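Notes follow once the structure below has been shown.
Keep in mind that this is a model prediction, so the values were computed, not measured. A, B, ... follow the sequence lines: proteins, then strands. Residue 1 opens every chain. Side chains are part of it too, since the values below use all heavy atoms of this structure and drop only hydrogens, waters and symmetry mates.
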Amino acid sequence: MKVGYPCINRSIGCTANSTFKLASYSEERLIKTVKNNLECLAKILRYNVENDLLFFRISSDLVPFASHPVCKFDWMNHYKLQFKEIGEYIKKKDIRISMHPDQFILINSIKEKVVQRSINELDYHCKVLDAMGLDITSKIQIHVGGVYGDKPKAIERFVERYESLSESIKKRLVIENDDRLFSLKDCLYINQLTGIPVVFDSFHHECLNSEESVRDAIMKAQTAWKDKDGSLMVDYSSQKEGERRGKHATTIDLSLFKNFIDETKGLEFDIMLEIKDKEKSALKAIKLLKEMKIL
DNA sequence: AGTTGTCAAGCTAGT
DNA sequence: ACTAGCTTGACAACT
């Protein structure tokens, strides 16, 4: 089991997701920003390795506006060496990597323009992982998309569009159960039709499910991952007390986390803690897992 | 220096 | 018809 957190580290004083407004786009600005982001990403990964955090989500903002028409700059080539060095470190330390394009990325949209933009954005994510020379256990996770009042049709459109994607995207793309529209069961159905792996999001599953237990859900999600895809990826979070249903916790509740670990004992997966205070909670989780002799 | 409004992009549900 | 919320943060313009 590898443990990690997404995108941002608050302990080391720099970020690998710094961006700027489209209105202030310039090649110079882009070059400067990407340089900073790559340097900081290397620092974060070193911090993570020192702290036994071997799962990390790279921010989609690593190269701001990379898939936007305004960007004509060949960032991949310009920073070839830096990408390669980071990739070599990731491979040497056996770090698991994911990326998660945001909510605007829908391959099942009813608008052709949205689909095309989404594909361009997925292509950008692939290029980042390819430039690092990472294998296809490094995944790009998205949600299934919109329902548009007809779920079977929406799924049909997802499957159709998925089949028409380039091989390099298909090799890395995975779907994640969400908290309102497409449950784990829906995602596993899509897996049966396409073979696409399914990230299990435990918190979304709490919000929307077909009454599977966590253990049962994880075992089912595992069947969607083949050897070449690596271990099942799990996103873990819990409800923020006293807040709207679906709101992520500020810091990890270790007794809930312990329950989760007890319930899934013996099952192999990598776990990402989607909790507001990021590496702080991840460190607490690592400490607990060591005490429990799981790590 | 500190504060506040705003940011490329889509969709759903609640008002 | 409009907007908050989503992974939110943090950039940029204003006091």
So does [X] pair up with [Y], basic N to acidic O under 4.0 Å?
X: A:Glu291; Y: A:Lys287; answer: yes
X: A:Lys185; Y: A:Glu212; answer: no
X: A:Glu88; Y: A:Lys84; answer: yes

Is the count of non-hydrogen atoms from other residues, nucleotides or ligands lying under 6.0 Å from A:Lys113 atom NZ greater than 12?
-> no
Over 12 non-hydrogen atoms of neighbours within 6.0 angstrom of NZ in A:Lys265 | yes
Identified side chain to side chain contact (heavy atoms under 4.5 Å, CB included) counterpart of A:Trp75 within the set A:Ile31, A:Leu62, A:Val128, A:Leu38 = A:Val128
Using nucleotides 11-15 of chain B, report all nitrogen or oxygen pairs with the protein that are shorter than 3.5 Å.
from, atom 1, to, atom 2, distance (Å)
B:dC11, OP1, A:Ser109, OG, 2.7
B:dC11, OP1, A:Tyr148, OH, 2.5
B:dC11, OP2, A:Lys111, NZ, 3.1
B:dT12, OP1, A:Val147, N, 2.7
B:dT12, OP1, A:Tyr148, N, 2.7

Has A:Lys2 got its NZ or CZ under 6.0 Å from the middle of the six-membered ring of A:Phe56, at an angle within 45 degrees of the ring axis?
-> no
Is NZ or CZ of A:Arg29 both nearer than 6.0 Å to the six-membered ring centre of A:Phe65 and within 45° of the ring axis?
-> no
Base-pair string, DNA chain B, Watson-Crick plus G-U, cut-off 3.5 Å on both distances, | for inter-strand, is |||||||..||||||
Indicate, with a heavy-atom threshold strictly under 4.0 Å, whether A:Ser118 touches base, sugar-phosphate, or nothing.
-> nothing
Check every strand shown and say whether A:Ser59 touches a base, only sugar-phosphate, or nothing at a heavy-atom separation below 4.0 Å.
-> nothing
Minimal non-hydrogen separation, A:Thr137 against A:Arg96, with atom names | O-NE, 3.0 Å
Those residues of residues 19-34 of chain A lying under 4.0 Å from DNA chain B by at least one heavy atom | A:Lys21, A:Leu22
Under 4.5 Å between any side-chain heavy atoms of A:Val144 and A:Cys187, yes or no?
-> yes
